[in-house]
Amino acid sequence: MNPLYERMQTSVFERMSLAAAKHGAVNLGQGFPDFGWPQEVLKAAAKAVVEGSNQYAPSRGLPALREAVAAHYNRHQQLDLSYENICVTSGATEALAAAILATVSPGDEVIVFTPAYDAYVPLIRRAGGTPIEVALVAPGWRIERSALEAAISPGTRAIIFNNPHNPTGRLFDADELATIAEVAVSHDLIVISDEVWEHILLDGQQFTPIASLAGMAERTLKCGSAGKIFSLTGWKIGWLAASAELATLAARAHQFLTFASAPNLQAAVAYGMNDGDAWLQPMRERFAGARDRMTSGLESAGYAVLPSASTYFLCVDLAASGIVLDDESFAQRAVAEAEVAVVPLSAFAEQDPPHHMIRLCFAKRDEAIDAGVEAMAKARKLMT
Ligand code: PMP
Ligand code: GLN
């Protein structure tokens, strides 16, 4: 047996979604929206299933999708990409896996900022690397140059950077981006930049891809996801954007992970990426409205809610809400006794994780938010 897998827990998202189903709870744990996908993209997929190819796509992706992703980033983020820079993957999860397998060798150290998306650490270990955690501290969750520098050693090979950041809902600022870029350039590091939340920007914020900073294009593997851009998480169409050389290396890893992804879904995503960007702003406004509704409901119920201005997650400080239980115990009792599933933040770090925070997904229709808030109010009454 492989000890890596013997020691591994079932993902917190799977665990909480199974518990939500078992208890008939409102699921505010695993992040997926219950509204907002463009109907035209669904129709394009249906048409592609019936009229298009249902055989293997080229391993690096349909040329039309690779072109569309490159053009989308050139238009929105002033990058200078062509189809050679793109490798289509089965979701950003596979993009991360391919990027890590292609760049991390046994013995390499890889920096992750915690709380960190749950896939990073197991994938680094699977590649033979050692994850080095750099903790972001609530409530600011800032990247501090001194903390990052202190984590660098001669064995450091890469930094995994997630911006906008899940689970905190933070978009890192220009100073923090400059810190990552300067440290990466001066220590000659690869940056695997998980930018899946790049379009879920609330309150008029602007996104800057790390690859656009000086010296970064040649060392960055950017991961994206149609699941987030079109609110179609089940499709699992993602991609890597990188220099032609790095994209080719990652494509070699990808060909032995999944080889290729569903061609009809790729065709529909290509259609969506090309079809103009009219849905983006209305989507952001609906998410912002959902965030505000959930925040005010939770605050009225006595919860201390941290600010969130990107992704569709917000965090609640249990200790500041008068709850002395740790996050995992709260999550277990909330789902079983109050019928609401949340995600404990301690699942996102191994060393000294915060035990007093939970994450909630607000990408839900008003009825689900109201039911979730009511259940959270019940949970607070039970646990204070
Ligand atoms: N990275 C981050 C930070 C995410 O939040 C997610 C999904 N929520 C992923 C990667 C995985 O994306 P996908 O579903 O496209 O595999
Ligand atoms: N990325 C989603 C989240 O953060 C979950 C993805 C998954 O379940 N693997 O909730």
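Below, all heavy atoms of this structure are taken into account, side chains as well, without hydrogens, waters or symmetry copies. Just follow the structure's listing: the first ligand is 1, and inside any ligand the first atom is 1. Residue numbers count from 1 along this sequence.
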Could you list each nitrogen or oxygen of ligand 2 that sits under 3.5 Å from a protein nitrogen or oxygen, with the atom names and the distance?
residue	atom	partner	partner atom	Å
ligand 2	1 (N)	Tyr117	OH	3.1
ligand 2	4 (O)	Asn166	ND2	2.9
ligand 2	4 (O)	Arg359	NH1	2.9
ligand 2	8 (O)	Gln30	NE2	2.6
ligand 2	10 (O)	Gly31	N	2.6
ligand 2	10 (O)	Arg359	NH2	2.6

(message) I'd like to know if Trp235 and Ile86 are part of one continuous hydrophobic network [Ile/Leu/Val/Met/Phe/Trp/Tyr, side-chain heavy atoms within less than 4.5 Å].
(response)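 Same cluster: Ile86 reaches Trp235 through Ile, Leu, Val, Met, Phe, Trp or Tyr contacts under 4.5 Å.
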(message) Side chains of Phe362 and Ser308, heavy atoms from C-beta outward: is any pair under 4.5 Å?
(response)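 Yes, at least one pair of side-chain atoms sits under 4.5 Å.
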(message) List ligand 1 atoms under 4.0 Å from Gly91, heavy atoms only on the residue side.
(response)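 Taking each heavy atom of Gly91 in turn, ligand 1 has 15 (O), 16 (O) under 4.0 Å.
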(message) So if I count the atoms of ligand 1 from 1 in the order they appear, which ones are less than 4.0 Å from some heavy atom of Asn166?
(response)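 Listed by number with element: 3 (C), 4 (C), 5 (O).
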Answer yes when [X] and [Y] have at least one side-chain N-carboxylate O distance shorter than 4.0 Å, and no when they do not.
X      : Y      : answer
Asp34  : Lys364 : no
Asp370 : Arg293 : yes
Glu198 : Lys228 : no
Glu84  : Arg60  : no

Between side-chain atoms of residues 262-281 and protein atoms elsewhere (two or more places apart, or another chain), which donor-acceptor pairs fall under 3.5 Å?
residue	atom	partner	partner atom	Å
Asn264	ND2	Asn54	OD1	2.5
Gln266	OE1	Leu62	N	2.8
Gln266	NE2	Ser261	O	2.9
Asn274	ND2	Ala270	O	3.2
Asp277	OD1	Arg75	NH2	3.1
Asp277	OD1	His76	NE2	3.3
Asp277	OD2	Arg75	NE	3.1
Asp277	OD2	Arg75	NH2	3.4
Asp277	OD2	His76	NE2	3.0
Trp279	NE1	Ile229	O	3.4
Gln281	OE1	Arg284	NH1	3.1
Gln281	NE2	Glu285	OE2	3.2

Would [X] count as being in polar contact with ligand 1, using the rule that some N or O on each side must be under 3.5 angstrom apart?
X      : answer
Ala92  : yes
Asn162 : no
Glu94  : no
Thr233 : no

(request) Please report which non-hydrogen protein atom sits nearest to atom 11 (C) of ligand 1, along with the residue it belongs to and the distance in Å to one decimal place. (result) Thr93 OG1, 3.4 Å
(request) Starting from atom 7 (C) of ligand 1, locate the nearest protein heavy atom and write down its residue, its atom name and how far away it is, to 0.1 Å. (result)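 Going atom by atom, the protein heavy atom closest to atom 7 (C) of ligand 1 ends up being Lys228 NZ, 2.6 Å.
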(request) List for me each residue that meets ring-ring contact (aromatic ring centres under 6.0 Å, His included) alongside Phe35, sequence neighbours excluded, and say none if there are none. (result)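 For Phe35 the ring-ring contact (aromatic ring centres under 6.0 Å, His included) partners, ignoring immediate neighbours, are Phe287.
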(request) Please collect all ring pair (Phe, Tyr, Trp, His ring centres under 6.0 Å) contacts where either partner lies in residues 166-193, sequence neighbours excluded, each pair once. (result)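 Pairs touching residues 166-193 that pass the test: Phe161-Phe172, His165-Phe172.
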(request) Determine the interplanar angle of the Phe13 and Phe348 rings, folded into 0 to 90°, and report it as parallel if under 30°, tilted if 30 to 60°, perpendicular if over 60°. (result) tilted
(message) For Lys236, which part has a heavy atom under 4.0 Å from ligand 1: side chain, backbone, both, or neither?
(response) side chain
(message) I'd like the name of whichever of Leu232, Ile160, Asp194, Ile237 reaches closest to atom 2 (C) of ligand 1 through any heavy atom.
(response) Asp194
(request) Of all the heavy-atom pairs spanning Lys378 and Glu339, show the shortest one and how long it is. (result)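 Minimum heavy-atom separation between Lys378 and Glu339: NZ-OE1, 3.2 Å.
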